[in-house]
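Working notes, beginning with the structure itself.
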Amino acid sequence: MLGSGDGGNIVKLRGLPFSTTVEDVLDFLGGVNVLNGKEGVHLTEVRPGRPSGECFVEVETPEDVDEALKKDKENMGKRYIEVFSTDRQDMEWALNAMRQSENGFGTIPNVTDDMGIVKLRGLPFGCSKEEIVQFFEGLNVATDGVHLLSDCSGRASGEAFVHFIDKEGAEQALSRDREKIGHRYIEVFMSSADEVRAYGARMDGGFRSSRGYRPAPYDRNDRFGRPGRGRGGSFGRGDNFSGGFGGGRGGFRRGGGGGSGGHCVHMRGLPFKASPQDVAYFFKPIRPMNINILYDNSGRPSGEADVEFECHEDAMRAMRRDKNNMDHRYIELFLKSAPGGGGGGGFKANRSFRN
């Protein structure tokens, strides 16, 4: 249960040993007043039983935040710990995403053929069951009828099954297709008990998606081009970087001539297996609008990506992740955004935005 402290008095610890306990965190932060003691420490997991190596700590005052930041790069056992300030939105996003993993597909009850079932696609990362119930306000969602799905890594996939008390309710739910949750429009499809059971069987059998990322309204092959030609030849809205990249890692070039819309961040140094979902998780709690993994001329990942955000402020917040790690790789970020409109010229490294 989250504490009731001020939203600004929160610190995040990263690099924790996987065996870390709440008591270990309190010992590490000795001299810092943690709100409500043990209840103010929130260890996170990638999926149940798999610690993330991160935790959020609610402290009592801004002075306690400053005191905690002095612990940055100190050791816990043989590992040095990164400590930085964050906000309640970041914490609640992470804890909500963890609850999705805890309450994902494994909790789906037996379904019957007389149930009305729909499938949602394109859910915001961190979307809660309550938000989905609210999305279907006025319709009779069955008790415990929202089932958030996770991918092979245990993270939210952006999809969910929702069942209603009868088939008529599911048919009415289709009228919500393309309506929004937050800034994302949601696709609603008719589903069935057979699809739910088939999905469960694949997951139980160790199913792994060959694509490695969630299908979503903002992530389509027909938008980004065919494999082997450099996905991202057109960035999201078609007016940003039509030239894409040259072969291999030969450098970024601007193409297409026209003015660029949107607020973009270019990423370099991605693990070659990185998916758009990994990129979205890297920027949490900021929610990208478009994520474009770039490929070289041979169709292999280039280790680079273009990410579009809703506004300049989100792009600036995203730049704070510059030089942070994804897996064992540190990621370079380059800002292409300007206040009040489209981005400026080419991407420019901005090394001042570091946690």
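Index from 1, following the sequence.
The main-chain N or O of Gly145 is never found under 3.5 Å from a side-chain atom of Lys129 such that the two would form a donor-acceptor pair. Although no hydrogens or angles enter the test, the distance criterion places no donor-acceptor pair under 3.5 Å between the side chain of His312 and the main chain of Phe309. Remark: side-chain polar atoms of Asp72 are paired, donor with acceptor, to backbone N or O of Val83 under 3.5 angstrom. Panel note: side chain Asp64, backbone Val32; no donor-acceptor pair is recorded below 3.5 Å. Side-chain N or O atoms of Asp166 include one that pairs as donor or acceptor with a backbone N or O of Gly169 at under 3.5 Å. In this structure a side-chain-to-backbone donor-acceptor pair under 3.5 Å is present from Thr44 to Glu54. Counting only distance, with no hydrogens or angles, the side chain of Asp296 and the backbone of Ser302 share no donor-acceptor pair below 3.5 Å.
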* Begin from the C-alpha positions of Arg176 and Leu139 and carry the test side-chain contact (heavy atoms from CB on, under 4.5 Å) through to its verdict. => CA-CA 10 Å; Arg176 307 294 168 93; Leu139 303 180; 3.8 Å; yes
* Starting from the C-alpha separation in whole Å, work towards a yes-or-no answer on salt bridge (charged side-chain N to carboxylate O under 4.0 Å, His left out) for Arg317 and Asp87. => CA-CA 12 Å; Arg317 289 182 65 202; Asp87 54 33; 3.7 Å; yes
* Please test Leu13 against Cys55 for side-chain contact (heavy atoms from CB on, under 4.5 Å), starting from the C-alpha separation and ending with a verdict. => CA-CA 5 Å; Leu13 278 61; Cys55 81; 3.9 Å; yes
* To do: Mind running side-chain contact (heavy atoms from CB on, under 4.5 Å) on Phe135 and Val146 for me, showing each step along the way?
  => CA-CA 11 Å; Phe135 178 76; Val146 178; over 6 Å; no
* Asked: So Met267 and Glu304, side-chain contact (heavy atoms from CB on, under 4.5 Å) or not? Walk me through it.
  -> CA-CA 5 Å; Met267 306 179 73; Glu304 308 194 17; over 6 Å; no
* Asked: Given the rule in the salt bridge (charged side-chain N to carboxylate O under 4.0 Å, His left out) test, do Glu310 and Arg287 qualify, once you have shown the distances and angles that lead to the verdict?
  -> CA-CA 8 Å; Glu310 182 184 16; Arg287 295 177 178 177; over 6 Å; no
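Atom OG in Ser19 sits 7.0 Å away from atom CG in Asp24 (nearest 0.5 Å). Considering CZ of Phe161 and CG of Leu148, their distance stands at 11.5 Å, rounded to 0.5 Å. Summarising the geometry, atom CG belonging to Leu270 is positioned 8.0 Å from atom CZ belonging to Arg329; distances are rounded to the nearest 0.5 Å. One distance of note links CG of Leu43 with OG1 of Thr21; it measures 7.5 Å at 0.5 Å rounding. The distance from the OG1 atom of Thr86 to the CG atom of Asn9 is 12.0 Å, given to the nearest 0.5 Å. In this structure, the separation between NZ on Lys273 and CE on Met326 is 11.0 Å, given to the nearest 0.5 Å.
Annotation for Ala173 and Phe164: closest pair CB-CZ, 3.5 Å, computed over non-hydrogen atoms. Of all heavy-atom pairs between Ile132 and Ala160, the closest is CD1-CB, 4.2 Å. Across all their heavy atoms, Val118 and Ala170 have their closest contact at CG1-O, 3.6 Å. Here the shortest heavy-atom pairing between Gln172 and Ser175 reads O-OG, 2.6 Å. Residue Ile117 comes nearest to Ser192 through the heavy atom pair CD1-C, 3.8 Å, listed as atom of the first residue, atom of the second, then distance. In this structure, Leu29 and Ala68 approach most closely via the heavy-atom pair CD2-CB, 4.2 Å.
Heavy-atom neighbours of Glu23 CD from other residues, nucleotides or ligands within 6.0 Å: above the threshold of 12. Within 6.0 Å of CZ on Phe189 lie more than 12 heavy atoms contributed by other residues, nucleotides or ligands. Atom CD of Gln134 is surrounded by 12 or fewer heavy atoms from other residues, nucleotides or ligands within 6.0 Å.
Using cut-offs of 30° and 60° on the angle between ring planes, the pair His266 and Phe334 is tilted.
By the salt bridge (charged side-chain N to carboxylate O under 4.0 Å, His left out) test, Arg79 is found to be paired with no residue, residues two or more places apart in sequence or in another chain being considered. Taking the side chain to side chain donor-acceptor pair (under 3.5 Å) definition, one finds that Asp27 meets it with nothing, sequence neighbours left out.
Judged by the 6.0 Å and 45° rule, Arg321 forms a cation-pi pair with Phe282.
Ile331 places none of its side-chain heavy atoms less than 4.5 Å from the side chain of Lys323. Side chains of Thr61 and Val59 form no contact here, defined as non-hydrogen atoms less than 4.5 Å apart. In this structure, the side chains of Val34 and Leu26 come closer than 4.5 Å at one or more pairs of heavy atoms. At a threshold of 4.5 Å between non-hydrogen side-chain atoms, the residues His183 and Met289 do not count as touching. Between Arg184 and Leu123, the closest side-chain pair of non-hydrogen atoms is not below 4.5 Å. A heavy-atom distance below 4.5 Å is found between the side chains of His163 and His147. In this structure the side chain of Asp314 never reaches within 4.5 angstrom of the side chain of His263, judged on heavy atoms. No side-chain heavy atom of Glu74 sits under 4.5 Å from any side-chain heavy atom of Tyr80.
No continuous path of hydrophobic side-chain contacts links Tyr330 to Leu333 [ILVMFWY only; heavy atoms under 4.5 Å]. Both Ile81 and Leu69 are part of a single hydrophobic cluster, where members link through side-chain heavy atoms under 4.5 Å apart.
Among Thr143, Val141, Asn140, the one residue that satisfies the side-chain contact (heavy atoms from CB on, under 4.5 Å) test with Ile165 is Asn140. Exactly one residue among Lys70, Glu63, Lys71 makes a side-chain contact (heavy atoms from CB on, under 4.5 Å) with Glu67. That residue is Lys70.
Using modelled atom types and a 3.5 Å distance limit, the side chains of Asp114 and Thr112 yield a donor-acceptor pair.
A salt bridge does not link Glu82 with Lys12: none of the charged nitrogens is closer than 4.0 Å to a carboxylate oxygen. Between Glu58 and Arg88, at least one side-chain nitrogen of the basic residue sits less than 4.0 Å from a carboxylate oxygen of the acidic one, meeting the salt-bridge criterion. Of the charged side-chain nitrogens involved, none lies within less than 4.0 Å of a carboxylate oxygen, so that Asp177 and Arg121 do not count as a salt-bridged pair.
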